[in-house]
Amino acid sequence: MKKAIIVGAGPAGLTAAYELLEKSDEYQVTVFEESDILGGISKTVEHNGNRMDMGGHRFFSKVDEVNKWWEKMMPSQGAPSFDDIKLNKTVTLKEGGADPEQTDRVMLKRHRLSRIFFKGKFFDYPISLKPETIKNMGVTTTAKVGVSYMASMAHKRDEDSLENFYINRFGKELYSMFFEHYTENLWGRHPRDISAEWGAQRVKGLSITAVLRDVAQKAFKKDNRKVETSLIEEFSYPKLGPGQLWELTGEEVEKMGGTILKNSRVVEIIKDDSNNITGVVYENDGNKVKEDCDILISSMPLKDLVGDMNGVPENIGAIAAGLPYRDYMTVGVLVPSLKLKNETDIKTLGAYVPDDWVYVHDRRVKMGRFQIYNNWSPYLVKDAQNTVWLGLEYFCNEGDELWNMDDEDFANLAFSEMVTVGLIGSVSEVLDHHVERVKKAYPAYFDTYDKIDELRAYLDTIPNLYCVGRNGQHRYNNLDHSMCTSFEAVKNILSGKTDKSNIWSVNTEKEYHEGEGK
């Protein structure tokens, strides 16, 4: 029997393990996971009965294969959830689907709402043209935005940076208001220093023109209207958070005979003289162990993959070593209520604002976003009727001042910023909290990234290596994109296909077709 080693038990790694075991009985599959929890950055962390979704993960895809896979693992909601019942809400239900009040293995159907919090007011994300938007901006600012957008339409800039990418689609005025500061906070670099490719992947067809088109099509009730990635209004979500899906997938992998080794960090990738990978060395509890393999599927960061590999040309090693990442820290905060008023027509259990997450555009604070976990799923919160469970997100680099802060000092910073932006009235309102750090959450598009094609070309010369997932390809993939890379990798392995371009080409098209996760 052939041996397949998979590095990383996140969405890409576990999808690859499941697919390989389900579709073939020729492989002995072993998954190495550095941490003690499955899911990678899609993990769910539990603290005192409250669950945290690291980064927020919407389950939405236009790929049939992905939707069927999710449905197989976790059936769609077929009866009202706890908050649906309490609020008498009408939601999309699947006939014969699972009842979330009776089983945990169910995908809820949730309403999407993400807004920008700017100067103490909420703005739709993506920006809309509702009367409320004009009211919040004011007539003068709205006029400036309109003139600025018309100027951007008349004089397109060369898209040699993320700054120009945004200005071409939204105009300089909106860019300055809603993109410039937030992007610099997220990446630690000004948008002029970031490749436009990031925008091409994440924003895709979104622009003021797309917003206008969507408004017009809604007005004329065109049900078959084309919806851009960031304009989706409904998504699926595992009852107990995204990590629940990957824990279930891990169980299925083990039922089919696969092995998952937690707390096992791969530290060496061994190649022979013919450029084939023959095995890996992993570290567990201070011990180093060598494991042979016939195939290696890697979702580990490219920087680490190449850095741990022998016989790599110096120029390739330098490209990999220079690839940048952005890390983040998050603090879960439990409070009895929020100071923010819910001025929408969307009901919530505690009359708090109905957003899944909110982008914080406030130069007074370091906070980048906050999530309201109650709105993702009421089952993430121990007492969803009487408490609000938030996730406050901060972008940083591993080893910088923020990252190196003591957990309590970091939490106290976050509490004070909650008061500054108006989430709560006093720090004394905080009932409980929990801090998490996530390394290499966001592969970044600067420094040596402009030479990524050289690195990819070299990796493709290694016949039995397959790079999958967000960090495995150094690409800001959505959740379903990561899964699709593994689908393609397994298809290649089982068919004997040597050209790996189909794996790398997932999520490179300008127009969205695979889906939105995080």
Side-chain angles (χ1 to χ4, degrees), residues 44-56 82-83 86-87 113-123 181-182 185 241 327-344 346-396 400-438:
T44 300
V45 175
E46 189 271 341
H47 174 72
N48 291 339
N50 296 303
R51 293 177 169 85
M52 299 170 66
D53 177 348
M54 297 294 101
F82 177 76
D83 55 347
K86 293 292 182 181
L87 298 169
L113 181 64
S114 296
R115 291 183 293 176
I116 296 168
F117 196 53
F118 178 69
K119 292 187 176 181
K121 297 177 180 178
F122 282 103
F123 293 83
H181 172 66
Y182 182 83
N185 188 20
D327 313 291
Y328 81 85
M329 300 170 65
T330 185
V331 54
V333 181
L334 189 70
V335 292
S337 62
L338 290 179
K339 190 177 176 182
L340 300 175
K341 292 182 180 179
N342 181 10
E343 297 178 344
T344 73
I346 304 170
K347 296 179 182 178
T348 59
L349 287 173
Y352 42 77
V353 290
D355 304 70
D356 309 312
W357 66 53
V358 175
Y359 300 93
V360 178
H361 292 237
D362 192 325
R363 297 177 187 270
R364 298 173 298 170
V365 299
K366 295 181 179 179
M367 187 191 306
R369 294 189 314 192
F370 64 87
Q371 295 187 66
I372 303 175
Y373 295 122
N374 304 54
N375 295 333
W376 288 97
S377 166
Y379 304 103
L380 294 180
V381 188
K382 187 176 182 179
D383 184 2
Q385 282 189 282
N386 299 299
T387 59
V388 184
W389 180 230
L390 303 170
L392 312 180
E393 299 182 357
Y394 290 76
F395 310 115
C396 55
D400 69 12
E401 181 182 0
L402 199 61
W403 183 272
N404 287 334
M405 287 181 73
D406 174 85
D407 280 2
E408 287 306 305
D409 289 339
F410 171 64
N412 286 326
L413 167 68
F415 302 158
S416 67
E417 292 196 349
M418 290 177 75
V419 175
T420 298
V421 300
L423 294 182
I424 55 176
S426 168
V427 171
S428 63
E429 295 174 33
V430 174
L431 302 173
D432 194 9
H433 71 277
H434 178 71
V435 172
E436 285 284 327
R437 289 168 171 78
V438 180

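Heavy-atom basis, side chains included; hydrogens, waters and symmetry copies ignored. Just so you know, residue 1 is the first one in the sequence shown, and it goes up from there.
Side chains of Lys86 and Leu349 form a contact here, defined as non-hydrogen atoms less than 4.5 Å apart. Between Thr344 and Val353, the closest side-chain pair of non-hydrogen atoms is not below 4.5 Å. Trp357 is not listed as a side-chain neighbour of Phe370, based on a closest heavy-atom distance of 4.5 Å or more. Within the 4.5 Å cutoff, side-chain heavy atoms of Leu392 are placed close to those of Val333. Thr420 places none of its side-chain heavy atoms less than 4.5 Å from the side chain of Met367.
With Thr44 contributing its side chain and Asp53 its backbone, the two residues share no donor-acceptor pair below 3.5 Å. Between the side chain of Glu393 and the backbone N or O of Gln371, no donor-acceptor pair lies under 3.5 Å. Formation of a donor-acceptor pair under 3.5 Å by the Asp407 side chain with backbone atoms of Val331 is not found in this model. Using a distance-only test at 3.5 Å, with no hydrogens or angles considered, no donor-acceptor pair links the side chain of Glu429 to the main chain of Ile424. Counting only distance, with no hydrogens or angles, the side chain of Arg115 and the backbone of Asp355 share no donor-acceptor pair below 3.5 Å.
No option in Asn50, Ile372, Asp383 other than Asn50 meets the side chain to side chain contact (heavy atoms under 4.5 Å, CB included) test with Trp389. If you run side chain to side chain contact (heavy atoms under 4.5 Å, CB included) between Tyr352 and each of Asn342, Val335, Asn375, only Asn375 comes through. For the side chain to side chain contact (heavy atoms under 4.5 Å, CB included) with Glu46, the qualifying choice from Arg51, Lys382, Met52 is Arg51, the only one to do so.
Taking CG of Asp83 as the start and OH of Tyr379 as the end, the distance is 7.0 Å to the nearest 0.5 Å. Annotation: the span from Thr330 atom OG1 to Met54 atom CE amounts to 5.5 Å, rounded to 0.5 Å. One distance of note links CG of Leu338 with CE of Met418; it measures 7.0 Å at 0.5 Å rounding. Of the inter-residue distances, the one linking Asp400 atom CG with Trp403 atom CH2 reads 9.0 Å to the nearest 0.5 angstrom. Taken to the nearest 0.5 Å, the NE2 atom of His47 stands 3.5 Å off from the CG atom of Asp432. Separation of atoms CG (Leu87) and CZ (Phe82) is listed at 9.0 Å; rounding is to 0.5 Å.
Side chains of Glu408 and His433: a donor on one and an acceptor on the other come within 3.5 Å. Under 3.5 Å, the side chains of His434 and Asn48 contain no donor-acceptor pair of N or O atoms.
The distance between the ring centers of Tyr394 and Tyr328 does not fall below 6.0 angstrom.
Using a 4.0 Å cut-off between a side-chain N of Lys or Arg and a carboxylate O of Asp or Glu, Asp356 and Arg369 do not qualify as a salt bridge.
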* Using the side chain to side chain contact (heavy atoms under 4.5 Å, CB included) rule, take Thr348 and Asn374 through it: C-alpha gap first, then chi angles, then the decisive distance, then the call. => CA-CA 9 Å; Thr348 59; Asn374 304 54; over 6 Å; no

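Among all heavy-atom pairs drawn from Val435 and Ala411, the shortest one is CG2-CB, 4.3 Å. Pro354 approaches Leu113 most closely through the heavy-atom pair CG-CD2, 3.5 Å. Here the closest heavy-atom approach between residue Ala384 and residue Pro378 is recorded as CB-O, 3.6 Å. Here the shortest heavy-atom pairing between Leu340 and Phe117 reads CD2-CZ, 3.7 Å. Across all non-hydrogen atoms, the minimal contact from Ser337 to Val388 is CA-CG2, 4.0 Å.
Using a 30° and 60° split on the angle between ring planes, Tyr359 and Tyr182 fall in the perpendicular class, above 60°.
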